[in-house]
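Remarks on the structure that follows.
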Amino acid sequence: QLQLVESGGGLVQPGGSLRLSCAASGFSLDSYVIGWFRQAPGKEREGVSCIHSTDGPTYYADFQDGRFTISRDNAKNTVYLQMNSLIPVDTAVYYCAAGRVCGIFPWEYEFWGQGTQITVTS
């Protein structure tokens, strides 16, 4: 069964950091582009970052303003999203997804994880 599982979410104070993990099972991540998306209550799902199957170009949404770093460890079949200087508007459910194109639209991705909640609050 093809599956993506996110982990690493939680409650953090403004200015704090979290590292999200996206682990794949049933398939090899190194054949896919991996994207991170987020969805806040009442809002549409939006692209955060994506990384190519090799250590190629990455994409970051403008709102992250240099605070986030995406990386992959193909040996562990895992992609990471390091998030620093978190602010309350980063509060959302964060999803990883696998696809063929490093795109910003959810429809460009084939497989999705279940999501992990991040809450930034003092």
Side-chain angles (χ1 to χ4, degrees):
Q1 183 178 2
L2 307 179
Q3 194 173 14
L4 291 171
V5 179
E6 302 96 335
S7 61
L11 182 67
V12 63
Q13 293 186 339
S17 298
L18 285 173
R19 188 178 79 157
L20 302 183
S21 298
C22 173
S25 61
F27 69 103
S28 179
L29 275 182
D30 62 9
S31 298
Y32 288 86
V33 166
I34 301 300
W36 283 99
F37 287 78
R38 70 184 189 181
Q39 188 166 18
K43 295 190 176 182
E44 293 186 352
R45 193 167 297 189
E46 64 178 348
V48 176
S49 183
C50 61
I51 187 168
H52 285 266
S53 56
T54 59
D55 281 333
T58 56
Y59 159 82
Y60 295 96
D62 289 343
F63 63 74
Q64 58 82 40
D65 199 23
R67 300 179 294 125
F68 297 172
T69 303
I70 192 170
S71 62
R72 66 191 304 149
D73 185 339
N74 288 337
K76 295 183 177 179
N77 218 23
T78 301
V79 170
Y80 304 98
L81 185 68
Q82 177 68 42
M83 301 185 295
N84 300 324
S85 303
L86 286 163
I87 56 179
V89 295
D90 293 321
T91 295
V93 178
Y94 284 70
Y95 300 88
C96 66
R100 302 296 184 177
V101 177
C102 197
I104 62 171
F105 300 107
W107 53 262
E108 296 177 290
Y109 291 82
E110 300 174 31
F111 310 111
W112 289 83
Q114 82 290 346
T116 185
Q117 174 71 47
I118 291 177
T119 302
V120 185
T121 182
S122 55

In terms of the angle between their ring planes, are Trp112 and Tyr109 parallel, tilted or perpendicular, with boundaries placed at 30° and 60°? perpendicular
Quick one: does Asn77's side chain have a donor or acceptor within less than 3.5 Å of a partner on Ala24's backbone? yes
Looking at Thr91 and Val89, would you say the former's side chain and the latter's main chain have a donor-acceptor pair under 3.5 Å? no
Got a second to check how far [X]'s [atom1] is from [Y]'s [atom2], nearest 0.5 Å?
| X | Y | atom1 | atom2 | answer |
| --- | --- | --- | --- | --- |
| Leu4 | Cys22 | CG | SG | 4.5 Å |
| Asn84 | Arg19 | CG | CZ | 11.5 Å |
| Arg100 | Ser31 | CZ | OG | 6.5 Å |
| Ser71 | Gln82 | OG | CD | 8.5 Å |

Please report the C-alpha distance between Ile87 and Arg67 in whole Å, then the side-chain angles of each, then the deciding distance to 0.1 Å, and finally whether the side-chain contact (heavy atoms from CB on, under 4.5 Å) criterion is met. CA-CA 10 Å; Ile87 56 179; Arg67 300 179 294 125; 3.9 Å; yes
Write down the atom of [X], the atom of [Y], and the distance for their closest heavy-atom approach.
| X | Y | result |
| --- | --- | --- |
| Leu86 | Met83 | CD2-CB, 3.8 Å |
| Phe68 | Phe63 | CE1-CE1, 4.2 Å |
| Tyr59 | Cys102 | CB-SG, 4.1 Å |
| Cys50 | Gly103 | SG-N, 4.1 Å |
| Ala40 | Ala92 | N-CB, 3.8 Å |
| Ser122 | Pro14 | N-CD, 3.7 Å |

Are the side chains of Arg72 and Tyr80 in contact, using a 4.5 Å heavy-atom criterion? no
Hey, does Thr119 have a side-chain heavy atom less than 4.5 Å from the side chain of Val12? no
Decide side-chain hydrogen bond (donor to acceptor under 3.5 Å, both in side chains) for Ser53 and Asp30; before the verdict, give the C-alpha distance in whole Å, the side-chain angles of both, and the deciding distance to 0.1 Å. CA-CA 5 Å; Ser53 56; Asp30 62 9; over 6 Å; no
Kindly work out whether a path of hydrophobic side-chain contacts (I/L/V/M/F/W/Y, heavy atoms less than 4.5 Å apart) joins [X] to [Y].
| X | Y | value |
| --- | --- | --- |
| Val93 | Leu18 | no |
| Leu2 | Leu29 | yes |
| Val33 | Val48 | no |
| Ile104 | Phe111 | no |
| Tyr32 | Leu81 | yes |

Worked check of side-chain hydrogen bond (donor to acceptor under 3.5 Å, both in side chains) between Gln64 and Asp62: CA-CA 6 Å; Gln64 58 82 40; Asp62 289 343; over 6 Å; no
Pairs involving residues 33-42, ordered by first then second residue, that meet side chain to side chain donor-acceptor pair (under 3.5 Å) (sequence neighbours left out): Arg38-Glu46, Arg38-Asp90, Arg38-Tyr94, Gln39-Arg45
Tell me, with the steps shown, if Leu20 and Glu6 meet side-chain contact (heavy atoms from CB on, under 4.5 Å). CA-CA 7 Å; Leu20 302 183; Glu6 302 96 335; over 6 Å; no
Quick one: do Ser7 and Thr116 satisfy side-chain contact (heavy atoms from CB on, under 4.5 Å)? Show the steps, please. CA-CA 6 Å; Ser7 61; Thr116 185; 5.8 Å; no
